[in-house]
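Just below is one structure, and these are the notes that go with it.
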Amino acid sequence: MGDYGVVVLDFETTGLSPLSGDRVIEVGAVLVENNVVTDRFQSLMNPGMRVSRFIEEYTGISNEMLRDAPPVGDVMQRLTAFLDRHHLVAHNASFDQRFLDAELSRLQLRRKAEFACSLLVARRLYPEAPSHSLGALVNYRKLKTDGVFHRALADAEMTAGLWTAMIRELKSDYRLKRVPFAVMQRLMKLPKRNVPDYLRKLADEQD
DNA sequence: TGCCAGGCCCTCTTTAGGGCCTT
């Protein structure tokens, strides 16, 4: 015990911008407790609009699949229950955060949990990686996948795999006893050159 | 029909521009 629980989540959407009218079409989320996945949530959602051919091909989610899916609002209510009060993690979190907040706002709900971003942490821990896209990082760290990409639950599972791998490596490489959520949030914002010093000092403080 | 974001981060920087990420 002593580690935090976080929910790693991923949205598939009709496009890049909720302010331009884009909606969510699928959510995948995994609960990570003590650095192990202990629960999962996944659902397609009917956004009330047709998705473009590009999105159909990018995600493999067709308009036909969405036709009989539950409305976004129903799924977001169930997702809120799953999120409970856990902190949140996503790859390029600002994207998922914008969509989550936009959909909650339509329900007159507000997010209470804080986000951390696996992309921003990975840029600091693996500056030499050829790319910091989720797929590239999964290859770079040789993480297990089921070969599915750009579906919400598969991407959430891969992001969780990356997140837990980074925490394990922080513990082993810097002899950290604990890697609290606040430390990951701090890493997101730290200038790259300050990261090694910060982690060494943190290890000293934990001794 | 046609339109289409935002934040991070580097650099030939700060009176800016452009690539990377997310769908």
Side-chain angles (χ1 to χ4, degrees), chain A residues 6-30 42-66 69 72 75-76 79 83 87-106 111 113-141 143 145 148-163 165-166 184-196 198:
Chain A
V6 299
V7 169
V8 183
L9 83 163
D10 182 77
F11 286 115
E12 305 305 316
T13 71
T14 63
L16 291 173
S17 172
L19 288 179
S20 302
D22 287 317
R23 303 292 306 272
V24 295
I25 58 173
E26 187 183 39
V27 60
V30 298
Q42 181 275 335
S43 183
L44 291 171
M45 296 171 262
N46 187 328
M49 59 194 275
R50 287 187 65 81
V51 301
S52 67
R53 174 67 67 84
F54 173 82
I55 292 297
E56 285 190 315
E57 292 179 353
Y58 184 80
T59 64
I61 299 169
S62 66
N63 283 290
E64 185 175 2
M65 291 164 67
L66 295 175
V72 173
V75 176
M76 295 303 294
L79 175 66
L83 298 183
H87 287 317
L88 305 173
V89 172
H91 199 68
N92 199 13
S94 65
F95 177 87
D96 297 278
Q97 178 181 322
R98 276 196 299 277
F99 275 97
L100 177 61
D101 291 350
E103 296 296 353
L104 289 179
S105 174
R106 287 171 178 264
R111 168 177 56 90
E114 295 179 27
F115 264 95
C117 176
S118 55
L119 169 63
L120 293 181
V121 176
R123 278 183 179 157
R124 285 156 177 79
L125 297 190
Y126 312 129
E128 72 289 352
S131 158
H132 296 88
S133 70
L134 181 59
L137 286 166
V138 162
N139 286 331
Y140 183 72
R141 295 313 304 145
L143 303 175
T145 79
V148 177
F149 296 87
H150 306 308
R151 284 300 299 267
L153 185 58
D155 282 7
E157 299 261 14
M158 286 189 287
T159 302
L162 173 63
W163 189 254
M166 291 194 295
M184 299 298 267
Q185 286 184 307
R186 182 92 176 91
L187 280 172
M188 285 165 50
K189 299 171 183 172
L190 216 54
K192 275 180 193 165
R193 66 182 179 281
N194 296 347
V195 167
Y198 168 73

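In the text below, chain A, chain B and the rest are named by the order of the sequence lines, each starting its count at 1. Worth saying up front: this structure is predicted, and the values here are computed from it rather than measured.
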Checklist entry - For A/Arg151, which contact category applies under a 4.0 Å heavy-atom criterion: base, sugar-phosphate, or nothing? => result nothing
Next on the checklist: Tell me every residue that passes salt bridge (Lys or Arg N to Asp or Glu O under 4.0 Å) with A/Arg50, counting only those two or more places apart in sequence or in another chain.
Outcome noted: none
Item to check | A/Arg23: partners by salt bridge (Lys or Arg N to Asp or Glu O under 4.0 Å), with sequence neighbours left out | outcome: A/Glu103
Which value, in whole Å, describes the distance between the [atom1] atoms of nucleotides [N] and [M]?
{"N": "B/dG19", "M": "B/dC3", "atom1": "C1'", "result": "23 Å"}
{"N": "B/dT13", "M": "B/dG17", "atom1": "P", "result": "12 Å"}
{"N": "B/dC21", "M": "B/dG2", "atom1": "P", "result": "32 Å"}
{"N": "B/dC12", "M": "B/dC20", "atom1": "P", "result": "16 Å"}
{"N": "B/dC8", "M": "B/dC4", "atom1": "P", "result": "23 Å"}

Checklist entry - Between B/dC4 atom P and A/Arg53 atom CZ, what is the distance in whole Å? => result 22 Å
Checklist entry - CG of A/Asp22 versus C1' of B/dA5: gap in Å, rounded? => result 9 Å
Next on the checklist: Please compare A/Ser17 and A/Leu190 by the position of their nearest nucleotide in DNA chain B and report the one closer to 5'.
Outcome noted: A/Ser17
Checklist entry - A/Asn139: what forms a side chain to side chain contact (heavy atoms under 4.5 Å, CB included) with it, not counting sequence neighbours? => result none
Checklist entry - Can you name the residues that form a side chain to side chain contact (heavy atoms under 4.5 Å, CB included) with A/Glu114, not counting sequence neighbours? => result A/His87, A/Phe181, A/Gln185
Item to check | Residue among A/Asn46, A/Ile55, A/Thr13 satisfying side chain to side chain contact (heavy atoms under 4.5 Å, CB included) with A/Ile25 | outcome: A/Ile55
Checklist outcome for this item: Readout for nucleotides 18-23 of chain B: B = base within 4.0 Å of protein heavy atom, S = sugar-phosphate only, - = neither; 5' to 3' it is --BBBB
Checklist entry - Would one find a side-chain N or O of A/Lys192 under 4.0 angstrom from OP1 or OP2 of B/dC10? => result yes
Validation: residues 92-100 of chain A side-chain donor-acceptor distances under 3.5 Å, sequence neighbours left out:
| unit_1 | atom_1 | unit_2 | atom_2 | d |
| --- | --- | --- | --- | --- |
| A/Asp96 | OD1 | A/Phe11 | N | 3.0 |

